[in-house]
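Each remark here refers to the structure printed beneath this line.
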Amino acid sequence: MREVAPALLAWYDRHARSLPWRVPPGGGRADPYRVWLSEIMLQQTTVAAVRAYFLRFTALWPTVEALAAADDAQVMAEWAGLGYYARARNLLACARQVVAQGGFPQDRTALMTLPGIGPYTSAAIAAIAFDQPETVVDGNVERVVARLFAVETPLPAAKPELTRLAATLTPQTRPGDFAQAMMDLGATICTPRNPACALCPLNAMCAAFRAGIAPELPRRSPKPAKPQRIGTAWVALTPDLILLERRPPKGLLGGTLAFPSTGWDNSDSPAPLMAEWQMLEPVEHVFTHFALRLQVHLALLPAPANAARGSWLPRPEFASRDLPGLMRKVWARVLPEIEGG
DNA sequence: TAATCGTGGCG
DNA sequence: TCGCCAAGATT
């Protein structure tokens, strides 16, 4: 399949998407900081969702040195809504480690040792920022390769085989452009459903297209059903204050700002304070591995009471955009109850 | 190894 | 409406 890379790069030269973190085709190496930041944000996250976060982060922190010096709570607040919050915690740890080392390492093995950088991201940074012929394998590449070679083995078991096959395609020149071209192809032509094979620059070399089974690949093993869990969130308000807590650093929504809550993450505890709690309509939220119905309890107090959990924050300092998505839903449920009250 | 970890968009 | 799944890493 020696002809794949030239055909794909020729397509990329004409069809590359313009993205805030990207250097135009043939433009050479990109800023390692911007490559790294974008790749972390893009883990299991769509380009559309990442774009605004990337622009905001690079405006606030233009360099890895600036990010390394940032306040933890501000970084968590800026990440709020993007999901997978371990990424934000690892982002700061990685930035500080990189600055302490005097910059990003250039080889994949050294990159792999940094927090939050695994097999995919290390290869992407090495190829895109440092022009090294590493093979970048994300979900797009897995799909493109599974179709090119008509791999019938279902994912995730097929991953090692797909990685090996992908490596046979990686060129010695322009490896960064090649990696981004594979991902662009997967995002725009070789899509999971209804792939546009007629427009594909690789259709002449594609075994799945030839066999008429491109839309069926890659096959996937069936996923376990999602359990339904039920919990409670407590929203306590005074005219001036709001009760919030910082969640423990590990586990679900780790390190994020949140309303005290219970029952849904293997914990259970009473209300954070004694009050007349009124029950609102529950909030529904679907996580990766379970669905949640969160009961919303609201207490309107004349003055702050001693709380067993969390701390009282002045309401002018509170912004729901600093909360993860689930907690934004909780706040959206509360808001109509207190407007005009 | 298999489970854990968010959210939004799309067919 | 709802299941799928996206530029994965960690333990």
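Residue numbers begin at 1 in each chain, while the letters A, B, ... track the order of the sequences.
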In whole angstroms, how far is the P atom of dT4(B) from the CZ atom of Phe290(A)? 10 Å
Side-chain contact check for Gln44(A): nearest option of dG8(C), dT7(B), dC5(B) is dG8(C)
Nearest-nucleotide 5' precedence on DNA chain B, His289(A) against Arg328(A): His289(A)
Is Leu82(A) touching bases, backbone alone, or none of the nucleic acid, heavy atoms closer than 4.0 Å? base
Could you check how far CD of Glu142(A) sits from P of dC4(C), rounded to whole Å? 18 Å
Once you apply a heavy-atom cut-off of 4.0 Å, does Pro119(A) come out as touching a base, just sugar-phosphate, or nothing? sugar-phosphate
Is there a donor and acceptor pair, one atom on the side chain of Thr288(A) and one on the base of dG6(B), closer than 3.5 Å? yes
Determine whether Leu326(A) and Leu292(A) make a side-chain contact, defined as any pair of heavy atoms from C-beta on separated by less than 4.5 Å. yes
Specify the separation, in whole Å, of atom CG of Leu91(A) and atom P of dA9(C). 14 Å
Specify the residue among Arg193(A) and Val137(A) whose closest nucleotide of DNA chain C lies further upstream toward the 5′ end. Arg193(A)
Please confirm whether any donor atom in the side chain of Tyr84(A) sits under 3.5 Å from an acceptor in the base of dG6(B), or the reverse. yes
Report the C-alpha distance between Asp13(A) and Arg174(A) in whole Å, list the side-chain angles of each, state the deciding distance to 0.1 Å, and finish with yes or no for salt bridge (charged side-chain N to carboxylate O under 4.0 Å, His left out). CA-CA 11 Å; Asp13(A) 287 336; Arg174(A) 300 181 64 188; 2.8 Å; yes
Using the six-membered ring wherever Trp is involved, compare the ring planes of Phe104(A) and Trp36(A) and label them parallel, tilted or perpendicular (cut-offs 30° and 60°). tilted
May I ask you to decide if the ring planes of Phe287(A) and His285(A) are parallel, tilted or perpendicular, using 30° and 60° as cut-offs? perpendicular
Can you check the His285(A) NE2 to dG3(C) P distance for me, whole Å? 16 Å
Under 4.0 Å: is that the gap between some side-chain N or O of Arg220(A) and OP1 or OP2 of dA6(C)? yes
Is it the case that dG8(B) (base atoms only) and Thr45(A) (side chain only) share a donor and an acceptor within less than 3.5 Å, ignoring hydrogens and angles? no
Measure from CG on Asn90(A) to C1' on dT11(C) and round the result to the nearest Å. 12 Å
Gly251(A) near the nucleic acid: base, sugar-phosphate alone, or nothing, with a heavy-atom cut-off under 4.0 Å? sugar-phosphate
Once you apply a heavy-atom cut-off of 4.0 Å, does Arg89(A) come out as touching a base, just sugar-phosphate, or nothing? nothing
Any base atoms under 4.0 Å from Thr121(A), or only sugar-phosphate, or nothing? Heavy atoms, all strands. sugar-phosphate
Could you state the atom-to-atom distance from CG of Leu323(A) to P of dG6(B) in whole Å? 14 Å
Classify the nucleic acid contact of Ile125(A) as base, sugar-phosphate or nothing, counting any heavy atom under 4.0 Å across all strands shown. nothing
Could you tell me whether a side-chain N or O of Asp184(A) sits under 3.5 Å from a main-chain N or O of Ala16(A), the two making a donor and an acceptor? no
Using a heavy-atom cut-off of 4.0 Å across all strands, would you classify Trp21(A) as base, sugar-phosphate, or nothing? base
So, Arg147(A) side chain and Leu217(A) main chain: donor-acceptor pair closer than 3.5 Å or not? yes
Would you say a side-chain N or O of Tyr85(A) is under 4.0 Å from OP1 or OP2 of dT7(B)? yes
May I ask you to say what Val136(A) touches in the nucleic acid, namely base, sugar-phosphate or nothing, with a heavy-atom cut-off under 4.0 Å? nothing
Has Arg56(A) got a side-chain atom pairing as donor or acceptor with Glu78(A)'s backbone, closer than 3.5 angstrom? no
Nearest-Å distance for atom pair CD1/P, residues Ile117(A) and dT11(C): 14 Å
Of Ala187(A) and Leu114(A), the one whose closest nucleotide on DNA chain C sits nearer the 5' end is Ala187(A)
Taking only side-chain N and O atoms of Lys223(A), does any of them lie within less than 4.0 angstrom of OP1 or OP2 on dC5(C)? yes
Looking only at atom P, what distance separates dG8(B) and dA9(C), rounded to whole Å? 22 Å
Between P on dG6(B) and CD on Gln43(A), what's the gap in Å once rounded to a whole number? 13 Å
